[in-house]
Trainee: 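Please see the structure below; I have some questions.
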Amino acid sequence: MPVFTVNVKWGKEKFDGLELNTDDPPVVFKAQLFALTGVQPERQKVMIKGGTLKDDEWGCIKIKSGMTLLMMGSAEALPEEPLVRPTFMEDMTEEQLASAMDLPCGLTNLGNTCYMNATVQCLRSVPELRDTLKKYKGALRASAPMTPPQYITAAFRDLFESMDKTSSSIPPIILLQFLHMAFPQFAEKGEQGQYLQQDANECWIQIMRVLQQKLDPMELDTPMETNSEGATASIPKKNLIDQFFGIEYETTYPFLKNKSRAKLLGCGKILVLLCNCSEFLCSSTGGGILSKFSQAPG
């Protein structure tokens, strides 16, 4: 596998011993530089003897271990786009037409990463989560030590912001790299170097636990929860995930002689409700799953 160790000089800073894999497109290496400098890949100009790195191919550039690459680019925010003249639908490209029709942004499959893409799209459909992420102030910089909850939460915020600006598909490279750093099981590769398939439920659980640690609960004008008797629950939530995704449950044991009474065995909180559907529940006859539940013993 053509893996090289190179140095990168950026202004007065220099990063030594960076791993560069020419089996991956150059944009993957640029994503690594973004994690170190905060300069977005589209704003980077990486120069090397023989040319300038593109995003999708290496071209005629020859890489050798120990060589130094020069990177130019500012980590400051991009300027706002200037106003443009109205465009008629028949003159629009497919990307412009998708934006005009307010179609959702897609995510590129980076090699068996559909589990992560599905989790991201599911979470993005929750407006309260999007609004809270916009207020998160954590930065993606290597100048200070970062924990997995910090850089994954910041990567989610930046990815959602990028998805809000376009209707075309974008590659979630930075979030994928941080997910691999925090949870190496998602970075497992096969014999031919491709990423292995992973379970979306496992990805969901890990991301929920990460966001739990960084997102504060929202202040609501009206209560959103009631208990089993219809009274408003007053238990405060410690974080946004518990507030909107958490499930509180009680386990009771009914008395056979007096079914109106029940003994409380315990209570708890969960983030995922597992439903292991057996053949008994999934049978296509007999009125569906709800009727099967009503027929279940006990």
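Keep in mind that the numbers below use all heavy atoms, side chains included, and drop hydrogens, waters and symmetry copies.
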Trainee: Between Lys189 and Glu191 (side chain of the first, backbone of the second, donor and acceptor by atom type, cut-off under 3.5 Å), is there such a pair?
Mentor: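 No, because the side chain of Lys189 does not come within donor-acceptor range (under 3.5 Å) of the backbone of Glu191.
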Trainee: Which heavy atom of Lys238 sits nearest a heavy atom of Pro217, and at what distance?
Mentor: O-CD, 3.4 Å
Trainee: What pair of heavy atoms forms the shortest contact from Gln32 to Gln177, and how long is it?
Mentor: N-OE1, 3.9 Å
Trainee: Is there a path of hydrophobic side-chain contacts, each under 4.5 Å between heavy atoms of I/L/V/M/F/W/Y residues, joining Phe160 to Ile173?
Mentor: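 Linked within one cluster.
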Trainee: Tyr136, Leu211: one ILVMFWY side-chain cluster at the under-4.5 Å cut-off?
Mentor: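 No, it is not one cluster - the side chains of Tyr136 and Leu211 are not joined through contacts under 4.5 Å.
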Trainee: Check whether any side-chain heavy atom of Phe244 sits under 4.5 Å from a side-chain heavy atom of Leu129, and report yes or no.
Mentor: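 No, every pair of side-chain atoms sits at 4.5 Å or beyond.
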Trainee: Indicate, with yes or no, if Leu196 and Phe183 share a hydrophobic cluster defined by side-chain heavy-atom contacts under 4.5 Å among Ile, Leu, Val, Met, Phe, Trp and Tyr.
Mentor: no
Trainee: Please report the C-alpha distance between Ile63 and Phe29 in whole Å, then the side-chain angles of each, then the deciding distance to 0.1 Å, and finally whether the side chain to side chain contact (heavy atoms under 4.5 Å, CB included) criterion is met.
Mentor: CA-CA 13 Å; Ile63 304 295; Phe29 181 68; over 6 Å; no
Trainee: Taking a hydrophobic cluster as the set of Ile, Leu, Val, Met, Phe, Trp and Tyr residues connected by side-chain heavy atoms closer than 4.5 Å, whether directly or through intermediates, do Leu110 and Tyr195 fall within one such cluster?
Mentor: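 Yes, Leu110 connects to Tyr195 through the hydrophobic network.
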Trainee: For a quick check under 3.5 Å, do Gln198 and Asn112 share a side-chain donor-acceptor pair by atom type?
Mentor: no
Trainee: About how many Å separate CD1 of Ile48 and NZ of Lys64, when rounded to the nearest 0.5 Å?
Mentor: 10.0 Å
Trainee: With heavy-atom distances below 4.5 Å as the criterion, would you say the side chains of Thr251 and Cys267 are in contact?
Mentor: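 They are not in contact (no side-chain heavy atoms under 4.5 Å apart), so the answer is no.
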Trainee: Quick check: do Val27 and Asp56 have side-chain heavy atoms less than 4.5 Å from each other?
Mentor: no
Trainee: Does Lys30 pair with Asp55 as a salt bridge, N-O distance under 4.0 Å?
Mentor: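 A salt bridge is present here (some side-chain N lies under 4.0 Å from a carboxylate O).
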Trainee: Is atom CE of Met67 surrounded by more than 12 heavy atoms (other residues, nucleotides or ligands) closer than 6.0 Å?
Mentor: yes
Trainee: Is a side-chain donor or acceptor of Arg157 paired with a backbone partner of Lys134 at a separation under 3.5 angstrom?
Mentor: no
Trainee: Are side-chain heavy atoms of Met116 and Leu176 found at a separation under 4.5 Å?
Mentor: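 Yes; the side chains approach each other to less than 4.5 Å.
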Trainee: Are side-chain heavy atoms of Asn7 and Lys14 found at a separation under 4.5 Å?
Mentor: yes
Trainee: Under the side chain to side chain contact (heavy atoms under 4.5 Å, CB included) test against Thr132, which residue among Ile241, Asp216, Leu215 passes?
Mentor: Leu215
Trainee: Quick one: does Glu13's side chain have a donor or acceptor within less than 3.5 Å of a partner on Lys9's backbone?
Mentor: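 Answer holds: no.
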Trainee: Assess whether side chain to side chain contact (heavy atoms under 4.5 Å, CB included) is satisfied between Val120 and Ile207, documenting all intermediate values.
Mentor: CA-CA 10 Å; Val120 171; Ile207 291 175; 5.6 Å; no
Trainee: Okay, side chain of Asp24, backbone of Val28: is any donor-acceptor separation there less than 3.5 Å?
Mentor: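 No.
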Trainee: Which pair of non-hydrogen atoms, one from Phe34 and one from Val39, has the smallest distance, and what is that distance?
Mentor: CD1-O, 3.1 Å
Trainee: Supply the atom-to-atom distance Leu133 CG to Asp131 CG, rounded to the nearest 0.5 angstrom.
Mentor: 9.0 Å
Trainee: Measuring from atom CG of Leu159 to atom CD1 of Ile152, what distance do you get when rounded to the nearest 0.5 angstrom?
Mentor: 12.5 Å
Trainee: Side chains of Leu271 and Asp242, heavy atoms from C-beta outward: is any pair under 4.5 Å?
Mentor: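 In contact.
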Trainee: Is any side-chain heavy atom of Trp204 less than 4.5 Å from a side-chain heavy atom of Asp199?
Mentor: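 The answer is no, as the side chains (C-beta and beyond) never meet within the 4.5 Å cut-off.
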Trainee: Which value, rounded to the nearest 0.5 Å, describes the distance between Cys105 atom SG and Lys165 atom NZ?
Mentor: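 Going from SG on Cys105 over to NZ on Lys165, the span is 12.0 Å.
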Trainee: Give a yes or no answer on whether the side chain of Thr166 reaches the backbone of Ser168 with a donor-acceptor pair at less than 3.5 Å.
Mentor: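 Pair found, side chain donor or acceptor close to backbone of Ser168.
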Trainee: What verdict does the side chain to side chain contact (heavy atoms under 4.5 Å, CB included) test give for Gln206 and Gln185, after you've listed the backbone C-alpha separation in whole Å, the side-chain angles of each residue and the deciding distance to 0.1 Å?
Mentor: CA-CA 11 Å; Gln206 298 293 357; Gln185 65 268 30; 3.8 Å; yes
Trainee: Is it true that a side-chain atom of Asn21 and a backbone atom of Phe4 form a donor plus acceptor pair closer than 3.5 Å?
Mentor: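 No; zero donor-acceptor contacts below 3.5 Å.
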Trainee: In Å and rounded to the nearest 0.5 Å, what is the OG to CD distance from Ser162 to Gln40?
Mentor: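 Atom-to-atom, Ser162:OG and Gln40:CD are 6.5 Å apart.
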Trainee: Any donor and acceptor pair, going by atom type alone, linking the side chain of Trp10 with main-chain N or O of Thr37 inside 3.5 Å?
Mentor: no
Trainee: Show, in sequence, the C-alpha distance, side-chain angles and deciding distance for Ile170 and Leu107, and conclude whether the side chain to side chain contact (heavy atoms under 4.5 Å, CB included) test is met.
Mentor: CA-CA 5 Å; Ile170 59 177; Leu107 295 174; 4.0 Å; yes
Trainee: So do the side chains of Leu33 and Val8 get within less than 4.5 Å of each other, counting heavy atoms only?
Mentor: yes
Trainee: Could you tell me whether Tyr115 and Phe186 have their ring centroids closer than 6.0 angstrom?
Mentor: yes
Trainee: For the CD atom on Gln194, are there more than 12 heavy atoms of other groups (residues, nucleotides or ligands in this structure) within a distance under 6.0 Å?
Mentor: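 Atom CD in Gln194 is crowded, with more than 12 foreign heavy atoms closer than 6.0 Å.
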Trainee: Provide the closest heavy-atom pair for Gly51 versus Ile61 in the form atom of the first, atom of the second, distance.
Mentor: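 The pair with the smallest heavy-atom distance is C-CD1, 4.1 Å.
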Trainee: Using only atom types and a distance under 3.5 Å, with no angle test, would you say the side chain of Thr113 pairs donor to acceptor with the backbone of Asn109?
Mentor: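 No; judged by distance alone, with no hydrogens or angles, the pair does not exist.
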Trainee: Would you check if the side chain of Ser125 reaches a backbone N or O of Cys122 as a donor-acceptor pair within less than 3.5 Å?
Mentor: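 Side chain of Ser125 to backbone of Cys122: a pair is present.
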Trainee: Looking at every heavy atom in both Pro172 and Asn117, which two are closest together, and how far apart are they?
Mentor: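 Looking at all heavy atoms of both residues, the shortest contact is CG-OD1, 3.6 Å.
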Trainee: Mind checking the OH-CD1 spacing from Tyr151 to Ile174? Nearest 0.5 Å is all I need.
Mentor: 14.0 Å
Trainee: Got a sec: does the CD of Glu57 have more than 12 other heavy atoms crowding it under 6.0 Å?
Mentor: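 Count over threshold, so yes.
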Trainee: Shortest non-hydrogen contact from Ser74 to Arg43?
Mentor: O-NH1, 3.2 Å
Trainee: Does Met71 share a hydrophobic cluster with Met47, counting links as ILVMFWY side-chain heavy atoms below 4.5 Å and allowing steps through other members?
Mentor: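 No; tracing contacts between hydrophobic side chains, which count when under 4.5 Å, never links both residues.
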